[in-house]
Amino acid sequence: MTRLLRDFFARDTLIVARELLGQALVHDTPDGRAAGRVVEVEAYTGWNDAASHGHRGLTPRSAVMFGPAGIAYVYLCYGVHWMMNVVARPEGVDYPAAVLIRALEPIEGLHLMEKRRMGRPRRDWSNGPGRLTLALGIGKAQNLADTAGSHSALHWEQGETIPDESVMRGPRIGIDVPEPSKSLPWRLWVKDNPHVSRGR
DNA sequence: CGTTCGATGCACT
DNA sequence: GTGCATCGAACGT
């Protein structure tokens with residue numbers, strides 16, 4: 001198994017988002033290991049991205065998006081759901097950027113994932129940003145974790161390469177559209193994969 | 001199948 | 001005080 005290290009994340013945000021498709025997100029916990037293949041992501045990047053938490057400048061919450069690539073940005077949404085991002089940006093630039101992980105295909109620790117998802121059907125274990133964090137046991141404690149460290153409990157392992165013809169792109173989900181930047185096609189997913197989120 | 005709507009914590013104004 | 005990068009229960013087809 002080959003881990004994805006700093007160099008992978010220290011590149012253009014859209015390149016990282018594209019290449020994250022097909023890679024494995026792995027979390028080792030006292031309960032065991034659980035892992036899923038990335039099948040859906042969203043990029044949030046740059047000063048002009050009005051949908052990005054970094055858009056309004058550096059705040060206590062968004063500071064991580066201005067920091068080193070490979071660090072996890074985990075935050076609570078709607079008071080209920082934890083969302084996981086990974087900081088992705090070339091070195092030597094100063095804008096905020098991260099990739100939101102929106103859906104995984106379960107590949108390891110299936111028993112553990114089923115337990116964490118309380119017996120729901122397998123297809124619903126990790127087909128949404130708030131669901132995959134439950135399935136992998138990711139929460140507040142993983143915010144600021146270094147996913148690119150060579151011994152990190154939360155990390156990435158090299159998976160399959162998704163061919164260009166299987167990569168679909170469209171507007172990001174759950175954001176209002178008035179600002180032009182919000183309709184950018186920065187949601188990427190694997191074509192026809194049943195574990196992609198439904199989107200509302 | 002589909003749609004609606006309440007839950008819920010916290011960063012930010 | 002306001003507004004979310006959502007989910008799942010509950011209801012109507």
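Throughout, a chain's letter reflects where its sequence line sits, starting with A, and its residues are numbered from 1.
Within the nucleic acid shown, D124(A) has no heavy atom closer than 4.0 Å to any nucleic acid atom. Within the nucleic acid shown, R117(A) comes within 4.0 Å of sugar-phosphate atoms alone, with no base atom in reach, counting heavy atoms only.
In this model, the phosphate group of dA11(B) is not approached by any side-chain N or O of H53(A) to a distance below 4.0 Å at OP1 or OP2. One finds no side-chain N or O of R56(A) lying less than 4.0 angstrom from the OP1 or OP2 phosphate oxygen of dG3(C). Remark: R102(A) is in phosphate contact with dT6(C), judged by side-chain N or O atoms under 4.0 Å from OP1 or OP2. Between R131(A) and dT6(C) there is no side-chain N or O to OP1 or OP2 distance below 4.0 Å.
A cation-pi arrangement is found for R187(A) relative to W189(A), the charged atom lying closer than 6.0 Å to the ring centre and inside a 45° cone about the ring normal. Cation-pi geometry between R11(A) and F8(A) is met: under 6.0 angstrom from the ring centre, within 45 degrees of the axis.
Look at dG9(B): its Watson-Crick or wobble partner, with both distances under 3.5 angstrom, is dC4(C).
Between L100(A) atom CG and dC4(C) atom C1' there is a gap of 14 Å when expressed in whole angstrom units. As a whole-Å value, the separation of R123(A) CZ from dG8(C) C1' is 18 Å. Going from atom CD1 of I175(A) over to atom P of dC4(C) covers 11 Å, rounded to whole Å. Counting to the nearest Å, the P atom of dG9(B) and the CH2 atom of W82(A) are 11 Å from each other. Per the geometry, CE belonging to M84(A) stands 15 Å off C1' belonging to dA5(C), to the nearest Å. Atom OH of Y78(A) is separated from atom P of dC7(C) by 10 Å (rounded to the nearest Å). M83(A) places its CE atom 15 Å from the C1' atom of dA11(B), with the value rounded to the nearest Å. The distance between atom OH of Y75(A) and atom C1' of dG3(C), rounded to the nearest whole Å, is 12 Å.
You can call Y44(A) stacked on the base of dA5(C); the centres are under 5.5 Å apart and the planes sit within 30°.
Under 4.0 Å is where a charged nitrogen must lie from a carboxylate oxygen, and between D94(A) and R89(A) no such pair does.
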Got a list of side-chain donor-acceptor pairs under 3.5 Å for residues 69-79 of chain A, not counting sequence neighbours?
residue: Y73(A); atom: OH; partner: H53(A); partner atom: ND1; Å: 2.7

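When the nucleotides dC7(C), dT8(B), dG8(C) are ranked by their closest atom to the side chain of P129(A), dC7(C) comes out on top. The side chain of M65(A) lies closest to dA5(C), out of dA5(C), dT6(C), dA11(B). Taking every side-chain heavy atom of K140(A) into account, dC10(B) is the closest of dT8(B), dC10(B), dA11(B).
Heavy-atom neighbours of E91(A) CD from other residues, nucleotides or ligands within 6.0 Å: at or below the threshold of 12.
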